[in-house]
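Okay, so here's the structure we're looking at.
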Amino acid sequence: MSVRNDELAALFEEFANLLEAQDVEYKPRAYRQAAENIRAYPESVADLARRGGTDAVMGVNRVGDAIASKVVEYVETGEIEELEELRAALPVDMAALTSVEGVGPKTVGTLYDELGVRTLDDLETAARAGEISEVRGFGEKTEENILANLDFARRSHERKLLGQARPLADDIQRHFAGVAAVERSSVAGSLRRWKPTIGDVDLLVASDEPEAVVDAFTDWEDADSVIEAGPIKASVRSKGIRVDLRVVAPEEYGAALQHFTGSRDHNITVRDRAIERGLKVNEYGVFDVSDVDDPDSGQRVGERLACETEADVYAALDLPLIPPEMREDRGEVEAAAEGRLPDLIEEGDVRGELHLHTTWSDGRYSVREMVEAAAERGYDYVNVSDHATGPGMVGGVGLSDDELEEQLAEVREVGDDADIEVFAGVEANVGEDGSVSVGDDLLAELDCVIASPHSALDGDGTDRLIRAAEHPEVNVIGHPTGRMLNQRSGLDLDVPRLAAAAAEANTALEINSSPNRLDLSGGAVKLAVERGATVVVNTDAHSPSNYDLVRYGVHTARRGWAAADDVLNTWETDDVRAFLGR
DNA sequence: GCCGTTTTCGGCCCGACTGTTTTCAGTCG
């Protein structure tokens, strides 16, 4: 049985909520943290369980022997006995009910005990009948809010894609640019760390007039409804996404930005380092509490060190500024302390696009239009890589070998006219056995061959992709797992093993920048780069405007600690040609 | 339940906001 990480994570989140409904202390937090780390783990945790048992699963941060053995139990039997007992004691659809804004585990427990509410439908029926406002501790306002939030909970139980949330954040940043009370503003939270999926949009503003900022925020034309609004913070819903605003004093902006960017685990490690130095870090600043009797006696206890900028905050802890994309508690604080932070790739380092489609397959623009658009962007080279026919290609999208020969002539012709280097390539399909769906003679004529899995996208794909990577004519493995965010998890990969083989074979691993994919993930990129593999940031463009998606790939590379040198398409044309063996 | 150059036992982040309450519980981030 193949079990996805997010499926495991959901189980332990349910575990946490059921325990919390019973007033159990501390355990819920432990289960939630374990769930979060399982969800974010770059490889299949179920695979870990199968290969190495509880010991291997305990390698996941904040997973100890108790939770690890529950993972093993679930992978082996499809059930966790303790969870079944908890469910029997509180037989409710916990995930659905707690997805209603303002309804948490305690509320679920109370409404089950008092009214027998088990599902969203039960909740709606009880609210419409006015029963909820009769329960002690509840009132009419709570009942109204539940009704108001129910539809939203029914419609959107998924995290939003980075590619949806980023443009929204850009919009509101433009709105704030016209508000006089806003001194500085930034996105924070997981969006600033460029996580592939986002729970909500976090915004931070520096201002001496917080209430004016909150007013401007709730008046924003794209704010569809106001969830809450106080003197220094507010939340609205916009286009189905929750947007949280926090306003802070300008002199505390750096500390607040550091605090609200997270991740929580990164901040815990940072705080630990502060404690070692007699310092205290919170959202208001870094404080020297070495001469203070009770450092917990207030928010701003002790002497405040500089914290107008994030760099000040890290400097106070003898650390260089750690880029937001790295703040996932994957060893970055230790690396920073030892001066080992990589010089991360930046958007401006990208010199070319090595994966694009034209009207020959499923693109919407001609070879010439795609090449000219790349030249206009200032790129030095592109690789025309239309789909080949083969496993996973439906509706006649992919090209036969004869058609590819025909296209090759056109690509050469466009290349002769172009100011930039035009590589002739293909996106071939990797069969279930690792074979490549284009004839070897034709592959040898091409400059840059991408091999991508498009079919049989479940189970372990490591051996299959290694075989493709070792094919002498293959230069890039495209979207290696084949995952589609919120839809399918794709292949399980032993990334270190694949990366070592790819490095040996001089084959690059793709970071596909499409917001639906972001494949490889940042965590996988880190493992790949550590094994010496070269990665390539491609947009898989089907139109010129798709070239803009490159930022998502670059920031994913940064989440994987990649420097420009690790990324093939930051190299100069001659070096890329040498890598391709042309 | 997890975790440890202060601990293998005894801690666990904490502040803002809301709605329900007369001083607080629940939710959220």
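We name chains A, B, ... by the order of the sequence lines, and we start the count at 1 in each one.
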### Message
Whether the A:Thr481 and A:Asp519 side chains hold a donor-acceptor pair (N or O, under 3.5 Å, no angle test) is what I'd like checked.
### Response
yes
Between N or O atoms, less than 3.5 Å apart, protein on one side and nucleotides 18-21 of chain B on the other: list the pairs.
| residue | atom | partner | partner atom | Å |
| --- | --- | --- | --- | --- |
| B:dT18 | OP1 | A:Ala229 | N | 3.0 |
| B:dT18 | OP1 | A:Ala229 | O | 3.2 |
| B:dG19 | OP1 | A:Asn145 | ND2 | 3.2 |
| B:dG19 | O3' | A:Thr142 | OG1 | 2.9 |
| B:dT20 | OP1 | A:Gly139 | N | 2.6 |
| B:dT20 | OP1 | A:Gly139 | O | 3.0 |
| B:dT20 | OP1 | A:Glu140 | N | 3.4 |
| B:dT20 | OP1 | A:Lys141 | N | 3.4 |
| B:dT20 | OP1 | A:Thr142 | N | 3.1 |
| B:dT20 | OP1 | A:Thr142 | OG1 | 2.9 |

### Message
Any carboxylate oxygen within less than 4.0 angstrom of a Lys/Arg side-chain nitrogen, looking at A:Arg136 and A:Glu114?
### Response
no
### Message
Quick check on contacts: within residues 193-202 of chain A, what sits under 4.0 Å from DNA chain B by heavy-atom distance?
### Response
A:Asp200, A:Asp202
### Query
What do the steps show when you test A:Leu8 against A:Arg39 for side chain to side chain contact (heavy atoms under 4.5 Å, CB included), and what is the final call?
CA-CA 8 Å; A:Leu8 283 172; A:Arg39 189 188 299 280; over 6 Å; no
### Six-ring centre of A:Tyr552, A:Arg166 cation under 6.0 angstrom, axis tolerance 45°
no
#### Entry: Rounded C1' spacing from B:dC14 to B:dC9 in Å
24 Å
### Query
From the list B:dC2, B:dC17, B:dG1, which nucleotide is the closest neighbour of the side chain of A:Asp65?
B:dC2
### Message
Assess whether a salt bridge exists between A:Lys526 and A:Glu530, defined as any Lys/Arg side-chain N lying under 4.0 Å from an Asp/Glu carboxylate O.
### Response
yes
### Query
Is the number of heavy atoms from other residues, nucleotides or ligands under 6.0 Å of A:Gln173 CD greater than 12?
yes
### Task
From the options B:dG26, B:dC13, B:dG15, select the nucleotide whose nearest atom is closest to the side chain of A:Arg271.
B:dC13
### Task
Write down the distance separating the P atoms in B:dC2 and B:dT6, rounded off to the nearest Å.
23 Å
### Query
Between A:Lys106 and A:Asp23, is there a salt bridge with N-O shorter than 4.0 Å?
yes
### Query
Counting any heavy atom closer than 4.0 Å, what does A:Ile232 reach on the DNA or RNA strands: base, sugar-phosphate only, or nothing?
sugar-phosphate
### Task
Would you classify A:Arg32 as touching base, sugar-phosphate or nothing, given that sugar-phosphate means primed atoms plus P, OP1 and OP2, and contacts are heavy atoms under 4.0 Å?
nothing
#### Entry: Gap in Å between the two C1' atoms, one belonging to B:dG1 and one to B:dT8, rounded
14 Å
### Task
Report the residues that fulfil ring pair (Phe, Tyr, Trp, His ring centres under 6.0 Å) with A:Tyr31, sequence neighbours left out, ordered by chain and then residue number.
A:Phe15
### Query
Under 4.0 Å: is that the gap between some side-chain N or O of A:Lys70 and OP1 or OP2 of B:dG1?
yes
#### Entry: Nucleotide B:dG1, atom C1' - distance to CD of A:Glu36 in whole Å
16 Å
### Query
Which nucleotide sits closest to the side chain of A:Pro105: B:dC2, B:dT27, B:dA16?
B:dT27
### Interatomic distance at P, B:dG11 relative to B:dT18, whole Å
35 Å
### Query
Which one, B:dT27, B:dC13, B:dG1, comes nearest to the side chain of A:Thr107?
B:dT27
## Note on the structure
Side-chain contact check for A:Tyr26: nearest option of B:dC2, B:dA16, B:dC12 is B:dC12
### Nearest-nucleotide pick for A:Glu283, side chain only, options being B:dG1, B:dG15, B:dT27
B:dG15
### Query
Taking the P atom of each, how far is B:dT27 from B:dT20, in whole Å?
14 Å
### Query
With rounding to whole Å, what would you report as the distance between B:dC3 and B:dC13 at their P atoms?
13 Å
### Message
Within the 4.0 Å heavy-atom criterion, would you say A:Lys27 contacts the bases, only the backbone, or no part of the nucleic acid?
### Response
base
### Task
Tell me what A:Val100 touches on the nucleic acid: a base, only sugar-phosphate, or nothing, going by heavy atoms under 4.0 Å.
sugar-phosphate
### Task
Please state whether the phosphate of B:dA16, meaning OP1 or OP2, lies under 4.0 angstrom from any side-chain nitrogen or oxygen of A:Lys233.
no
#### Entry: Evaluation steps, side chain to side chain contact (heavy atoms under 4.5 Å, CB included), between A:Glu283 and A:Glu252
CA-CA 8 Å; A:Glu283 63 198 88; A:Glu252 295 178 340; over 6 Å; no
### Task
Using side-chain contact (heavy atoms from CB on, under 4.5 Å) as the criterion, list what pairs up with A:Ile232, not counting sequence neighbours.
A:Pro210, A:Arg246
### Query
Taking the side chain of A:Arg246 as heavy atoms from C-beta outward, which of B:dG29, B:dA16, B:dG1 is closest to it?
B:dA16
### Query
Counting side-chain heavy atoms from CB outward, which of B:dT27, B:dG1, B:dG15 is closest to A:Tyr284?
B:dG15
#### Entry: side chain to side chain donor-acceptor pair (under 3.5 Å), paired with A:Glu325, selected from A:Arg559, A:Lys195, A:Arg558
A:Arg558
### Query
Is it true that A:Asp460 and A:Arg497 have a side-chain N and a carboxylate O under 4.0 angstrom from each other?
no
### Task
Please measure how far the P atom in B:dT21 lies from the corresponding atom in B:dG26, and state the result in whole Å.
13 Å
Could you list the protein-to-nucleotides 3-11 of chain B atom pairs, N/O on both sides, closer than 3.5 Å?
| residue | atom | partner | partner atom | Å |
| --- | --- | --- | --- | --- |
| B:dC3 | OP1 | A:Arg62 | N | 2.9 |

### Task
Indicate whether OP1 or OP2 belonging to B:dC14 is found under 4.0 Å from a side-chain N or O atom of A:Arg264.
no
### Message
Categorize A:Tyr31 for me: base, sugar-phosphate, or nothing, with a 4.0 angstrom heavy-atom threshold over every strand shown.
### Response
sugar-phosphate
### Message
Parallel, tilted or perpendicular, judged at 30° and 60°: which one describes the rings of A:Trp194 and A:His555?
### Response
parallel
### Query
Partner of B:dT8 by Watson-Crick or G-U wobble geometry, both contacts under 3.5 Å, or none?
none
### Nucleic acid contacts - residues 84-96 of chain A versus DNA chain B, non-hydrogen atoms under 4.0 Å
none
### Summary
Rounded to whole Å, CZ of A:Arg192 lies from C1' of B:dG29 at a distance of 17 Å
### Task
Looking at every strand, decide which applies to A:Gln33 at a 4.0 Å heavy-atom threshold: base, sugar-phosphate, or nothing.
nothing
